[in-house]
Novice: 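Here it is, the structure in full.
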Number of protein chains: 2
Amino acid sequence: MFMKEKCERVNPEQIENLLQKAPAAENITRMSAVFQALQSNTRLKILFLLRQKEMCVCELEQALEVTQSAVSHGLRTLRQLDLVRVRREGKFTVYYIADEHVRTLIEMCLEHVEEKT
Amino acid sequence: MFMKEKCERVNPEQIENLLQKAPAAENITRMSAVFQALQSNTRLKILFLLRQKEMCVCELEQALEVTQSAVSHGLRTLRQLDLVRVRREGKFTVYYIADEHVRTLIEMCLEHVEEKT
DNA sequence: TTAGTATATGAACAGTTGTTCATATGTTCA
DNA sequence: TGAACATATGAACAACTGTTCATATACTAA
């Protein structure tokens with residue numbers, strides 16, 4: 001098998017070294033899944049509401065003006081990636097932001113987009 | 001028009017207040033686009049390489065083992081959202097991470113997924 | 001100018017996603 | 001126990017995405 005031609009900037013050893021220091025393939029895939037979850041307007045709105053106050057499904061439904069089904073599906077996605085967590089409270093299911101990483105994540109992104117005028 | 005029935009936890013005034021403190025619809029949409037860009041394995045790998053060292057397209061091509069076209073398309077997406085920036089250097093086009101927000105963003109996500117054993 | 005290298009772009013196709021509708025499950029209280 | 005409320009889930013369809021292929025553009029050196 002022939003090696004592909006390399007341009008003069010390419011240093012195979014250095015690239016090998018950089019690849020070793022990069023996250024494992026498995027974690028890249030997990031991160032993809034997390035960002036994938038954060039890529040929906042509905043799910044982002046849910047997170048920015050939960051960031052202020054934990055809420056049950058019907059509160060979110062009221063606030064977001066989408067169907068209960070859509071909220072529930074969205075919450076499941078967030079839950080499966082441990083971006084939000086759940087607590088039962090009588091007949092209500094109360095959702096809240098899982099941890100500070102999640103807050104920082106969405107806040108960094110907000111700052112990034114707010115920066116552009 | 002009838003108001004939808006509300007569950008006892010719903011406080012319309014409070015919800016109104018929470019909505020006002022949430023990011024504007026425009027910024028939610030921008031964030032969606034950013035997270036959407038971060039949701040691809042290829043683009044994530046690009047960012048985690050650029051995080052270590054600025055690189056030209058052919059270096060990335062070598063490192064990622066995808067076609068030059070895929071790298072270039074990926075870089076365009078990242079560039080359009082100001083996640084990476086470009087500098088011409090002779091015949092090479094050198095890409096680098098745009099700013100600290102972007103570093104923090106991907107590092108928070110990595111920490112989040114690394115936490116789960 | 002021309003050849004060769006480096007990068008960008010458009011089209012197109014397979015694969016993936018978010019929503020809604022319909023329905024199921026779970027909880028409370030009378 | 002049953003009625004009413006709260007939440008979850010499965011199916012299905014339209015819309016969107018990432019890659020490749022083919023080709024265009026840009027820069028350099030001879």
Side-chain angles (χ1 to χ4, degrees), chain A residues 3-10 28-29 31-47 50 54-81 83-96, chain B residues 3-10 28-29 31-47 50 54-81 83-96:
Chain A
M3 284 304 267
K4 185 167 175 221
E5 282 296 319
K6 295 170 191 71
C7 81
E8 69 204 66
R9 274 184 66 104
V10 169
I28 291 280
T29 298
M31 282 188 274
S32 293
V34 168
F35 286 127
Q36 146 66 26
L38 297 174
Q39 158 264 9
S40 128
N41 277 33
T42 298
R43 290 190 296 257
L44 267 184
K45 285 180 196 167
I46 289 175
L47 288 176
L50 294 183
E54 56 180 29
M55 295 171 89
C56 71
V57 180
C58 44
E59 286 178 291
L60 289 167
E61 185 187 350
Q62 279 285 315
L64 297 179
E65 295 181 325
V66 294
T67 62
Q68 177 268 319
S69 180
V71 175
S72 195
H73 279 298
L75 286 167
R76 177 168 61 165
T77 301
L78 295 172
R79 210 174 53 221
Q80 285 171 338
L81 294 162
L83 297 173
V84 302
R85 293 186 185 146
V86 182
R87 189 179 70 239
R88 261 263 159 203
E89 204 164 278
K91 63 177 170 177
F92 299 103
T93 308
V94 179
Y95 282 85
Y96 55 97
Chain B
M3 285 303 268
K4 182 163 175 223
E5 283 296 319
K6 295 170 192 69
C7 80
E8 68 204 66
R9 275 183 65 104
V10 170
I28 290 280
T29 298
M31 282 187 274
S32 293
V34 168
F35 286 126
Q36 146 65 27
L38 296 174
Q39 159 264 7
S40 128
N41 277 33
T42 298
R43 291 189 297 257
L44 268 184
K45 286 181 195 166
I46 290 175
L47 287 176
L50 295 184
E54 56 180 31
M55 295 171 89
C56 70
V57 180
C58 42
E59 287 178 290
L60 289 167
E61 186 187 349
Q62 279 286 315
L64 297 178
E65 296 182 322
V66 294
T67 62
Q68 178 268 318
S69 179
V71 175
S72 195
H73 279 298
L75 286 167
R76 176 167 63 164
T77 301
L78 296 172
R79 208 174 55 219
Q80 285 171 338
L81 293 163
L83 298 173
V84 302
R85 292 185 186 146
V86 181
R87 190 180 68 239
R88 261 264 159 202
E89 204 164 276
K91 62 178 170 176
F92 298 103
T93 308
V94 179
Y95 282 85
Y96 56 97

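A, B, ... follow the sequence lines: proteins, then strands. Residue 1 opens every chain.
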Novice: Which atom names give the shortest non-hydrogen contact between L81(A) and A33(A), and what distance separates them?
Specialist: CD1-O, 3.3 Å
Novice: Name the closest nucleotide to the Q36(A) side chain, picking from dT7(D), dT17(C), dG10(D).
Specialist: dT17(C)
Novice: Check every atom of dA6(C), dT7(C), dG10(C) against the side chain of K91(B) and return the nucleotide holding the closest atom.
Specialist: dA6(C)
Novice: Base, sugar-phosphate alone, or nothing: which one does S69(B) contact when heavy atoms must sit under 4.0 Å apart?
Specialist: base
Novice: Report yes if a side-chain nitrogen or oxygen of Y95(B) is closer than 4.0 Å to either non-bridging phosphate oxygen (OP1 or OP2) of dA8(C); otherwise report no.
Specialist: yes
Novice: Once you round it to whole Å, what is the distance between P of dT7(C) and CZ of F92(B)?
Specialist: 6 Å
Novice: Nearest of dT20(C), dA6(D), dT7(C) to any side-chain atom of C58(B)?
Specialist: dT7(C)
Novice: dT19(C) phosphate, OP1 or OP2: any side-chain N/O from T42(A) under 4.0 angstrom?
Specialist: yes
Novice: With the side chain of R43(A) defined as its heavy atoms from C-beta on, choose the nearest nucleotide among dC21(D), dT17(C), dT7(C).
Specialist: dT17(C)
Novice: Checking all strands, does G74(B) fall into the base, sugar-phosphate, or nothing category for heavy-atom contacts under 4.0 angstrom?
Specialist: nothing
Novice: Is the shortest side-chain N/O distance from R88(B) to OP1 or OP2 of dA26(D) below 4.0 Å?
Specialist: no
Novice: What integer distance in Å separates I28(B):CD1 from dG18(C):C1'?
Specialist: 16 Å
Novice: Are the side chain of Q62(B) and the backbone of E59(B) linked by a donor-acceptor contact shorter than 3.5 Å?
Specialist: no
Novice: Counting any heavy atom closer than 4.0 Å, what does R79(B) reach on the DNA or RNA strands: base, sugar-phosphate only, or nothing?
Specialist: sugar-phosphate
Novice: Could you check how far CD of E61(A) sits from P of dT7(D), rounded to whole Å?
Specialist: 8 Å
Novice: Could you pick out which residue, T93(B) or A70(A), lies toward the 5' side of DNA chain C when each is mapped onto its nearest nucleotide?
Specialist: T93(B)
Novice: Find the distance Q39(A):CD to dA15(D):P and express it as a whole number of Å.
Specialist: 17 Å
Novice: Show the nearest heavy-atom pair for residues E61(B) and T67(B), with the distance to one decimal.
Specialist: CG-C, 4.3 Å
Novice: Before giving the answer on side-chain contact (heavy atoms from CB on, under 4.5 Å), spell out for L50(B) and M55(B) the whole-Å C-alpha distance, their side-chain angles and the decisive distance to 0.1 Å.
Specialist: CA-CA 6 Å; L50(B) 295 184; M55(B) 295 171 89; 3.9 Å; yes
Novice: If you go through the side-chain atoms of Q68(B), does one of them form a donor-acceptor pair with the base of dA6(C) closer than 3.5 Å?
Specialist: no
Novice: Over how many whole Å does the gap from L75(A) atom CG to dA6(D) atom C1' extend?
Specialist: 13 Å
Novice: Nearest whole Å is fine: how far is dT17(C) P from Q80(A) CD?
Specialist: 12 Å
Novice: Is there ring stacking between H73(B) and dT19(D), where the centres must be under 5.5 angstrom apart and the planes under 30 degrees?
Specialist: no
Novice: Side chain of T67(A) only, heavy atoms from C-beta on: which candidate in dT19(D), dT17(C), dT20(C) is closest?
Specialist: dT20(C)
Novice: Between E59(B) and E65(A), just flag the one whose closest nucleotide in DNA chain C comes earlier from the 5' side.
Specialist: E59(B)
Novice: Could you tell me how far apart M55(B) (CE) and dT7(C) (P) are, to the nearest whole angstrom?
Specialist: 11 Å
Novice: Please assess E65(B) against K45(B) for the test salt bridge (charged side-chain N to carboxylate O under 4.0 Å, His left out), listing each intermediate value before the final yes or no.
Specialist: CA-CA 11 Å; E65(B) 296 182 322; K45(B) 286 181 195 166; over 6 Å; no
Novice: Expressed as a whole number of angstroms, how long is the span from E8(B):CD to dC5(D):C1'?
Specialist: 9 Å
Novice: So what does S72(A) hit on the nucleic acid, given a heavy-atom distance under 4.0 Å: a base, only sugar-phosphate, or nothing?
Specialist: base
Novice: Under 4.0 Å between a side-chain N/O of R76(B) and OP1 or OP2 of dG10(C), yes or no?
Specialist: yes
Novice: Between L60(B) and L75(B), is a side-chain contact (heavy atoms from CB on, under 4.5 Å) present by the stated rule, with each step listed?
Specialist: CA-CA 10 Å; L60(B) 289 167; L75(B) 286 167; 4.0 Å; yes
